[in-house]
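One structure is given here, and the rest of the page talks about it.
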Protein chains: 2
Amino acid sequence: MNKVIEMEFLEKAEIFKALAHPTRLFIIHTVKDKKMSVKELTELVGIDISTMSKHLDILKKHKIIEGDKFKNFIYYRLAIPCVLDFMSCAIKVINKK
Amino acid sequence: MNKVIEMEFLEKAEIFKALAHPTRLFIIHTVKDKKMSVKELTELVGIDISTMSKHLDILKKHKIIEGDKFKNFIYYRLAIPCVLDFMSCAIKVINKK
DNA sequence: AAGCAATTTGGTATTTTTGCCAAATAGAAA
DNA sequence: TTTCTATTTGGCAAAAATACCAAATTGCTT
């Protein structure tokens with residue numbers, strides 16, 4: 001495979017990988033309506049807070065979410081609504097056939 | 001997290017996982033225009049044919065592609081064009097900011 | 001400054017994914 | 001039937017992803 005083409009698909013795959021985890025999809029779903037802190041998200045999902053922090057970091061690195069600092073909280077919100085199209089399309093893919 | 005909700009995101013994540021690999025994205029990109037056999041795809045990408053077969057199997061299991069048998073070839077094609085929206089959206093996500 | 005709460009980081013064990021090889025299967029052609 | 005080609009399967013080793021704990025950091029609030 002051509003190196004340039006290969007690079008293109010490597011980069012795209014990175015985005016899909018960032019989305020390919022139930023907790024991270026839940027974060028996107030939750031943060032689309034309401035800003036949420038790390039602690040709040042952690043309690044909703046029921047995992048270790050350090051694990052949640054790392055999931056948020058993965059989404060942040062790909063600019064899928066962004067965090068706003070308020071006191072010593074960080075409130076996350078969805079940065080790219082386009083990702084919601086991913087989600088609704090995913091449902092169609094699952095339900096068809 | 002509510003069990004039902006959890007199941008929803010688990011299922012969605014499965015779809016994203018199926019797409020989260022450069023070779024599999026290349027397959028989708030290639031098969032959208034032209035039916036291709038396992039061997040043809042293998043030669044384009046330059047990996048072991050058994051590896052390609054397994055990538056195709058993952059996409060097939062999620063109904064993302066479908067194969068038509070002709071002689072002892074199997075020609076694959078894109079089953080759900082909706083996935084292309086994923087792809088073009090992914091480009092936007094990458095290029096923005 | 002000291003204590004406290006929210007978040008991140010480092011380390012590690014576990015699980016999952018990936019890719020190759022070798023062998024098995026399927027089917028066409030000789 | 002035998003041979004040849006295309007594809008799949010099983011097994012295994014290497015790489016990547018995940019989750020927890022413990023410790024560090026950040027920045028309020030006393």
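As the structure is a computational prediction, the values presented were derived from the model and not from experiment. Computation of the quantities below employed the complete heavy-atom set of this structure, encompassing side-chain atoms and omitting hydrogens, waters and symmetry-equivalent molecules. In the text below, chain A, chain B and the rest are named by the order of the sequence lines, each starting its count at 1.
- Picking from dT7(D), dC21(C), dC20(D) the nucleotide with the shortest atom distance to the side chain of S50(B) gives dC21(C).
- In the set dA19(D), dT7(C), dT7(D), dT7(D) carries the atom at the smallest distance from any side-chain atom of K39(B).
- For K71(B) and dA29(C), the shortest distance from a side-chain N or O to OP1 or OP2 is below 4.0 Å.
- For H21(A), counting side-chain heavy atoms from C-beta on, the closest listed nucleotide (dT26(D), dA19(D), dT9(C)) is dA19(D).
- Side-chain atoms of F16(B) and L25(A), non-hydrogen and from C-beta on, do get closer than 4.5 Å to each other.
- Side-chain N/O atoms of S53(B) include none lying less than 4.0 angstrom from OP1 or OP2 on dT7(D).
- Look at CD1 on I49(B): it is 15 Å from C1' on dA23(C), rounded to the nearest Å.
- Residue M52(B) contributes atom CE, which lies 14 Å from atom C1' of dC20(C) at whole-angstrom precision.
- Ring pair F26(B)/F9(A) is perpendicular by interplanar angle, where above 60° counts as perpendicular and below 30° as parallel.
- Within the 4.0 angstrom heavy-atom criterion, only backbone atoms of the sugar-phosphate kind lie near K17(A); the bases stay farther away.
- Within the nucleic acid shown, Y75(A) has no heavy atom closer than 4.0 Å to any nucleic acid atom.
- The pair K60(A)-E66(A) does not count as a salt bridge, with every side-chain nitrogen at least 4.0 angstrom from each carboxylate oxygen.
- Counting only heavy atoms from C-beta outward, the side chains of I47(A) and H55(A) approach each other to under 4.5 Å.
- Within 4.0 Å (heavy atoms only), L56(B) reaches no atom of the nucleic acid at all.
- The base of dT26(D) has none of its N or O atoms less than 3.5 Å from a complementary donor or acceptor on the side chain of N72(A).
- Rounded to whole angstrom, the span from the CG atom of D48(A) across to the C1' atom of dA22(D) amounts to 10 Å.
- Listed pair H55(A) / dA19(D) meets the phosphate criterion, a side-chain N or O lying under 4.0 Å from OP1 or OP2.
- At a threshold of 4.0 angstrom between heavy atoms, the contacts of F70(A) with the nucleic acid are absent.
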Subject >> Intermediate values then yes/no, side chain to side chain contact (heavy atoms under 4.5 Å, CB included), E40(B) and Y75(B) >> reply: CA-CA 9 Å; E40(B) 285 172 318; Y75(B) 287 99; 3.8 Å; yes
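- Of the two residues contacting DNA chain C, namely I47(B) and K60(A), the nearest-nucleotide position lying further toward the 5' end is that of K60(A).
- Side-chain proximity of K54(A) to the nucleotides dG27(D), dG10(C), dG27(C) is greatest for dG10(C).
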